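All remarks here apply to the structure that follows.
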Amino acid sequence: MSQAASVVPPPPPPPRTVSCHLTAGEHGNVAKMQLPIDEYKWAADHAELQRGCFLSRVCQNAQPKACQYYDIASLLQVGPTCGLTALSMLLNGQPTAAELLENAAVQKYTINGEMFSAQYLYELAQKHLKSTLYEGNLNSAYIKEQLTAGCCLLVPLSSVHQMATEEEQLSQVILPVKEPLDLIRLSLDEKVYVKMRNERELRGRLHAFDQHLNMVLGDAEETVTTVEIDEETYEEVYKTTKRTIPMLFVRGDGVILVSPPMRVG
């Protein structure tokens, strides 16, 4: 009686993916991400919108009920200039964030790019476009109406502190880190050290992250350590290889630890 030979079924094909090319500013750096081809297809014509939905894990299969998308060229933030960079993006890069910083410093609105108040950012914006300074609850009918009409909303961190109670403000000053991800949030636009699995280490400027510890690092330096056995002495020989990457997307499932920059004060 013949016995049928056992046949191992072939492995399933890998999930289909599509490359998402993202220009990261005037320095010419490009970040590449692999997105599932069956998700975010509704935003296929807008790479930045795809990226935002992918990192936030929202609208994978269907677009939101209402969506207005403006294709604004992104700019790479240099230093603590998030407000100035956002304003320059709204103005199509003219004036540049550096020019806005120079102007703001002359007006004594800032020293290194971090605006002293929302009022100062409003006064700076008034010189270039029609704007309104709003104080109050952001979850209001007025804000929803303005956004629906196509307005852009810039929310400085100072407004969050202004809406907090005195006790909450005190706790934010004394203990700004309440949750683990707060430590990562405070390291935005700073050089961080990331320890990865498989003896891989990364050092770079943290541009973005999400709750899954997916991160975007700029000017990243990757160090990989390998161990080899010397054929004569049978001793372990450690070798390291390094390379620099202008813009790198890091998957959070491979992260072991993240170390914020050392601050001396």
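Numbering starts at 1 and runs along the sequence shown. Nothing here was measured: the structure is a model prediction, and the numbers come from that model. Side chains are part of it too, since the values below use all heavy atoms of this structure and drop only hydrogens, waters and symmetry mates.
- In this structure the side chain of Y193 never reaches within 4.5 angstrom of the side chain of S187, judged on heavy atoms.
- Residues passing the salt bridge (Lys or Arg N to Asp or Glu O under 4.0 Å) test with D45: none are found, sequence neighbours excluded.
- Y120 and I111 fall within the same hydrophobic cluster, defined by Ile, Leu, Val, Met, Phe, Trp and Tyr side-chain heavy atoms under 4.5 Å apart, directly or through other members.
- Here the side chains of I229 and E235 are not in contact, with every heavy-atom distance at 4.5 Å or above.
- Scanning for side-chain contact (heavy atoms from CB on, under 4.5 Å) contacts around T240 gives T223, T225, with sequence neighbours left out.
- At least one side-chain heavy atom of M247 sits under 4.5 Å from a side-chain heavy atom of H207.
- In this structure Y142 satisfies the ring pair (Phe, Tyr, Trp, His ring centres under 6.0 Å) test together with Y134, sequence neighbours excluded.
- Under the salt bridge (Lys or Arg N to Asp or Glu O under 4.0 Å) criterion, the residue pairs touching residues 243-255 are E222-R243, R251-D253, with sequence neighbours excluded.
- For A118 against L133, the heavy-atom pair with the smallest separation is O-CD1, 4.1 Å.
- In this structure the side chain of L206 never reaches within 4.5 angstrom of the side chain of V194, judged on heavy atoms.
- Listed by chain and residue number, Y122, A125, Q126 satisfy the side-chain contact (heavy atoms from CB on, under 4.5 Å) test with S131 (two or more places apart in sequence, or in another chain).
- Residue pairs meeting the ring pair (Phe, Tyr, Trp, His ring centres under 6.0 Å) criterion with at least one partner in residues 215-237, sequence neighbours excluded, do not occur; the list is empty.
- R197 has its side chain within reach of I256: a pair of non-hydrogen atoms, C-beta onward, lies under 4.5 Å apart.
- Contacts of F209 classified as ring pair (Phe, Tyr, Trp, His ring centres under 6.0 Å), with partners at least two apart in sequence or in another chain: none.
- Among pairs with a residue in residues 80-95, those fulfilling side chain to side chain donor-acceptor pair (under 3.5 Å) read T81-T85, at least two apart in sequence or across chains.
- Here the closest non-hydrogen pair linking C59 and W42 is O-NE1, 2.9 Å.
- A donor-acceptor contact shorter than 3.5 Å links the side chain of R205 to the backbone of D189.
- Partners of K127 under the salt bridge (Lys or Arg N to Asp or Glu O under 4.0 Å) rule, at least two apart in sequence or in another chain, do not exist in this structure.
- In this structure E102 satisfies the salt bridge (Lys or Arg N to Asp or Glu O under 4.0 Å) test with no other residue, sequence neighbours excluded.
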Exercise. Applying side chain to side chain contact (heavy atoms under 4.5 Å, CB included), run through I184 and V192 and close with a yes or a no.
Key: CA-CA 9 Å; I184 311 299; V192 297; over 6 Å; no
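- Not one N or O on the side chain of D219 forms a donor-acceptor pair closer than 3.5 Å with the backbone of G204.
- A heavy-atom distance below 4.5 Å is found between the side chains of K242 and E221.
- Within the 4.5 Å cutoff, no side-chain heavy atoms of L202 are placed close to those of M215.
- The OG1 atom of T241 sits 10.5 Å away from the CZ atom of R200 when rounded to the nearest 0.5 Å.
- Judged by distance alone, the side chain of D210 and the main-chain N or O of H212 form a donor-acceptor pair under 3.5 Å.
- Partners of L91 under the side-chain contact (heavy atoms from CB on, under 4.5 Å) rule, at least two apart in sequence or in another chain, are L87, P95, H128, L129.
- At least one donor-acceptor pair under 3.5 Å links the side chain of T96 to the backbone N or O of E99.
- Pairing each heavy atom of A104 with each of T110, the nearest pair is CB-CG2, 3.6 Å.
- Of the residues N103, V78, L100, the one that meets the side-chain contact (heavy atoms from CB on, under 4.5 Å) test with L84 is L100.
- Here K239 pairs with E228 under the salt bridge (Lys or Arg N to Asp or Glu O under 4.0 Å) rule; sequence neighbours left out.
- Here the SG atom belonging to C151 is positioned 9.0 Å from the CD atom belonging to E145, to the nearest 0.5 angstrom.
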